[in-house]
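This report refers to the structure that appears directly beneath it.
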Amino acid sequence: QVQLAESGGGVVQAGGSLRLSCTASGLTFSVYTMGWFRQAPGKEREFVAAIDWNGGSTYDVDFVKGRFLIIRDNAKNMVYLQMNNLQPEDTAVFYCAAGLTPIGANLRQTSTYAYWGQGTQVTVSS
């Protein structure tokens with residue numbers, strides 16, 4: 001049974017940092033593209049960042065450029081999201097996701113990913 005478990009969320013002041021972790025089990029982790037998404041109250045789940053199977057390529061969106069970094073450790077079956085200079089608009093539940101992605105797959109779509117964690121809450125106070 002595939003399981004993804006996020007951790008590392010919490011409450012932080014604006015300008016602070018958090019590192020989210022996602023531990024995967026029940027799958028061959030090293031062949032999966034891993035993604036991070038977030039969902040704020042009343043909003044749709046949105047793409048944050050993704051990393052390919054060996055960490056050679058990463059993808060993110062404009063609102064996190066220069067602030068967030070996605071990395072993975074295939075030896076530990078883990079993917080991380082280092083978040084710096086957090087702002088109140090970053091407040092959301094953050095989810096990790098795993099997908100087998102052929103060339104050309106849209107990594108920003110939730111449908112690209114087969115497996116999801118339960119999420120971890122990140123709250124940024126002003």
Side-chain angles (χ1 to χ4, degrees):
Q1 181 180 359
V2 175
Q3 290 188 328
L4 302 179
E6 302 95 339
S7 61
V11 180
V12 64
Q13 288 187 332
S17 299
L18 286 173
R19 187 177 80 157
L20 305 184
S21 301
C22 174
T23 303
S25 60
L27 76 172
T28 305
F29 181 77
S30 60
V31 303
Y32 280 79
T33 294
M34 299 300 297
W36 284 97
F37 288 73
R38 70 185 187 185
Q39 188 166 17
K43 295 187 176 181
E44 293 187 351
R45 194 168 297 188
E46 64 177 353
F47 173 76
V48 175
I51 188 166
D52 70 353
W53 64 278
N54 67 350
S57 297
T58 60
Y59 312 85
D60 56 26
V61 292
D62 287 346
F63 61 75
V64 305
K65 285 189 185 300
R67 300 192 300 130
F68 293 7
L69 177 67
I70 184 171
I71 56 175
R72 69 187 295 160
D73 185 339
N74 285 350
K76 296 181 178 179
N77 282 13
M78 295 188 72
V79 61
Y80 306 93
L81 186 68
Q82 176 66 44
M83 305 187 294
N84 300 320
N85 191 22
L86 284 160
Q87 299 300 314
E89 53 266 32
D90 295 315
T91 295
V93 178
F94 281 72
Y95 299 89
C96 73
L100 291 173
T101 55
I103 294 174
N106 187 339
L107 301 185
R108 302 184 178 203
Q109 290 182 331
T110 57
S111 59
T112 297
Y113 301 85
Y115 304 108
W116 292 82
Q118 293 299 306
T120 185
Q121 176 71 47
V122 171
T123 302
V124 185
S125 62
S126 57

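Just so it is clear, the model here is predicted, and its values are computed rather than measured.
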Joint hydrophobic cluster, [X] plus [Y], side-chain heavy atoms closer than 4.5 Å:
{"X": "I71", "Y": "V64", "result": "no"}
{"X": "V93", "Y": "V122", "result": "yes"}
{"X": "L100", "Y": "Y95", "result": "yes"}
{"X": "L27", "Y": "M34", "result": "yes"}
{"X": "L86", "Y": "L69", "result": "no"}

In Å, rounded to the nearest 0.5 Å, how long is the span from [atom1] of [X] to [atom2] of [Y]?
{"X": "C22", "Y": "W116", "atom1": "SG", "atom2": "CH2", "answer": "11.0 Å"}
{"X": "R38", "Y": "Q121", "atom1": "CZ", "atom2": "CD", "answer": "12.0 Å"}
{"X": "Q3", "Y": "S25", "atom1": "CD", "atom2": "OG", "answer": "4.5 Å"}
{"X": "R108", "Y": "F37", "atom1": "CZ", "atom2": "CZ", "answer": "10.0 Å"}
{"X": "N77", "Y": "Y32", "atom1": "CG", "atom2": "OH", "answer": "11.5 Å"}
{"X": "L81", "Y": "T120", "atom1": "CG", "atom2": "OG1", "answer": "11.0 Å"}

Enumerate donor-acceptor pairs with a distance under 3.5 Å from any side-chain N or O in residues 11-18 to protein atoms, sequence neighbours excluded.
| residue | atom | partner | partner atom | Å |
| --- | --- | --- | --- | --- |
| S17 | OG | N84 | OD1 | 3.0 |

Donor-acceptor contacts, no H, no angles, side chain residues 50-58, under 3.5 Å, sequence neighbours left out:
| residue | atom | partner | partner atom | Å |
| --- | --- | --- | --- | --- |
| D52 | OD1 | G55 | N | 3.0 |
| D52 | OD1 | G56 | N | 2.8 |
| D52 | OD1 | S57 | N | 3.0 |
| D52 | OD2 | S57 | N | 3.3 |
| N54 | OD1 | G56 | N | 2.9 |

Beyond-backbone contact of [X] with [Y], side-chain heavy atoms, under 4.5 angstrom:
{"X": "F29", "Y": "M78", "answer": "no"}
{"X": "V48", "Y": "D60", "answer": "no"}
{"X": "T23", "Y": "L4", "answer": "no"}

Heavy-atom closest pair, residues [X] and [Y]:
{"X": "D90", "Y": "R67", "value": "OD2-NH1, 2.7 Å"}
{"X": "Y113", "Y": "G35", "value": "CE2-N, 3.8 Å"}
{"X": "S125", "Y": "P88", "value": "C-CG, 4.4 Å"}
{"X": "F63", "Y": "F47", "value": "CZ-O, 3.7 Å"}
{"X": "W36", "Y": "L20", "value": "CH2-CB, 3.7 Å"}
{"X": "N74", "Y": "S30", "value": "ND2-CB, 3.7 Å"}

Tell me whether [X] at atom [atom1] has more than 12 heavy atoms from other residues, nucleotides or ligands lying less than 6.0 Å away.
{"X": "K65", "atom1": "NZ", "value": "yes"}
{"X": "R45", "atom1": "CZ", "value": "yes"}
{"X": "Q118", "atom1": "CD", "value": "no"}

Taking the six-membered ring of Y80 as reference, does the NZ or CZ atom of R19 fall below 6.0 Å from its centre and within a 45° cone about the axis?
yes

Worked verdict on Q39 versus F94 for side chain to side chain contact (heavy atoms under 4.5 Å, CB included)
CA-CA 7 Å; Q39 188 166 17; F94 281 72; over 6 Å; no

Short question: side chain of E6, backbone of C96 - any donor-acceptor pair under 3.5 Å?
yes

